[in-house]
Amino acid sequence: MADRLTDTAALNAGVAVPGYDRDAAKAGIVHLGTGAFHKAHEAVYTDGAMAASGGDWMITGVSLRSADVADALNPQNGLYTLLVRGPDGVSPRVIGSVREVLVAPRGPEQVIQALAREETKIVSLTITEKGYGLDPRTGGLDRDHPAIAADLNDPRRTVSALGFIVAGLRLRMMKDYAPFTVLCCDNLQNNGRVLRRLVLEFAEARDPKMVAYIRDRVTFPSTMVDRITPASTPQTFADVERLVGRADLAAVETEPFTQWIVEDDFVSGRPDWEAAGAVFVSDVAPYEKMKLRMLNGAHSTLAYAGYMAGHAHVRDVMGDADLVAIIGRHMAAAAATLDPVPGIELADYARDLRLRFANPAIAHQTYQIAMDGTQKLPQRLLEPALVALERGQSLEPFAFSVAAWMRYAVGRRDDGESHALRDPREAEIGAAAAGAGGDARALATALFDLPGLFPARLVEAGGFADMVVAKLDTMLRQGMRAAIAAEAVACRG
Ligand code: CS2
């Protein structure tokens, strides 16, 4: 193995390196949930912003659970390689914006101290949909969420993102420091507003003195984030070592495309992210809806159907003409649920998405996208299905997606291989599937009845439930490939 990447001296020719003084810049950002996506997105915009305009915007990362990222990144002084893989080749760039990564379970007090440092101006999050403790039934705080429940029951030890945010703000209030901006970078609709509501509800339950302070002084801009970032593999690390000339155990790979649309509402300043391509708008909602319904909705559809049909990667799905027809129909149906999106032609957006999905250099696993379905279906598929219902549009595309998820939820493929669902509600789903004994209507009914997941208006109206049952029945009796072929005929017809 080559020497580890710990500085940017004597790297191979052609490797881009940070163009600013990392040691001189203070850490203005604390990021909760430092994983591959953050390292391919916000950290890259921040690296570009500091190169263009300077500023004290180094990032202190936090892992809320595992120590893996910290153990890979800290011995490298926070440096890592971003490998951008396009159809025409790869380009390595060393990113310098992360100073260090703290591991919350190893030292929760250290995390709170970082949040309460005077120089901390922004606290951003990528903790995945399930990290927020959002109860889909009420739209409010799920007090049974393991991390939220732990924090509410034992205020001496903080484990959840909400707990850290409130604890950090509390110390700042006591020290009379300015508040920080809380910046949600997860795929939730109205992500800033949802997070604000949850933080306020959490504060009300745990630390009511904080409610007025948060309500009056803290901002929660919404953002739309986009960059396809598969999990790193041994190939990522091998390619980076060859291209950079150093071993990098924290390397990430991603696609060339990147997008960040942000509401400009920062209480204590922000990096010059525009210089790195971020777009600031007064209302992110139209862009969020577009991305959640067209990109993520199509992603989930192709992940369930593709995985069950034996396609390991998104690019393999895009080599299957029947699935391409289904995905094309899905994007058009999702686009028809949207109001006009400023500056974007939705047909062009859909075409670009198909090209991105087909990128032959990116090995994005369908099984990775299939994870956490109960957390993703509502904003990606069920909300737009409700709009389609209101607008009198066909529900067939959404019924196919839901049937594919239900087929996946059985936990066994047509070839007999079984898989873990990897969903926070997998015990409930497993019980529902076991009770149905392979009968499409029984299975669909049991899953429709999961508390808080499917809107009653959708299940009860417009023949939606019957469509799902019919498609699921074909998937169960004839197999996923036959169901895909039949659906493709309907799409083309
Ligand atoms: C994917 C997203 O895993 C998933 O559910 O749909 O992570 C997707 O790759 C990103 O949102 C792209 O920006």
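Starting from 1, each residue takes its place in the sequence as its number. Heavy atoms only: backbone and side chains are in, while hydrogens, waters and symmetry mates are out. In each ligand, atom 1 is the first atom listed, and ligand 1 is the first ligand listed. Since we're looking at a predicted model, the values are computed, not measured.
Protein heavy atom closest to atom 2 (C) of ligand 1, with residue, atom name and distance, is N296 ND2, 3.6 Å.
At a heavy-atom distance under 4.0 Å, no atom of E255 approaches ligand 1.
Counting atoms of ligand 1 from 1 in the listed order, those under 4.0 Å from a heavy atom of R227 are 12 (C), 13 (O). Taking every heavy atom of N187 and a limit of under 4.0 angstrom, the matching atoms of ligand 1 come to 11 (O). Ligand 1 places these atoms under 4.0 Å from at least one heavy atom of H364: 9 (O). Below 4.0 Å from some heavy atom of K376 lie the following atoms of ligand 1, by number and element: 3 (O), 4 (C), 5 (O).
In terms of modelled atom types and a separation under 3.5 Å, the side chain of Q379 and the main chain of L188 share no donor-acceptor contact. At distances below 3.5 Å, not a single donor-acceptor pair connects side-chain atoms of T81 with backbone N or O atoms of P92.
Under the 4.0 Å criterion applied to side-chain N and carboxylate O atoms, E390 and R457 are assigned as salt-bridge partners. Taking 4.0 Å as the cut-off between side-chain N and carboxylate O, D339 and R391 count as a salt-bridged pair.
Judged by the 6.0 Å distance and 45° axis criteria, R422 is positioned over the aromatic ring of Y367.
Taking each of E129, K291, H299 in turn, the one with a heavy atom nearest to atom 10 (C) of ligand 1 proves to be K291. Of all the listed residues (D372, I369, D226), I369 holds the heavy atom that lies closest to atom 3 (O) of ligand 1.
Looking at every heavy atom in both residues, G373 comes nearest to Y304 through CA-OH, 3.2 Å. Scanning all heavy atoms of the two residues, the minimum distance from L295 to R356 falls at CD1-NH1, 3.6 Å.
Ligand 1 lies less than 4.0 angstrom from a heavy atom belonging to R380.
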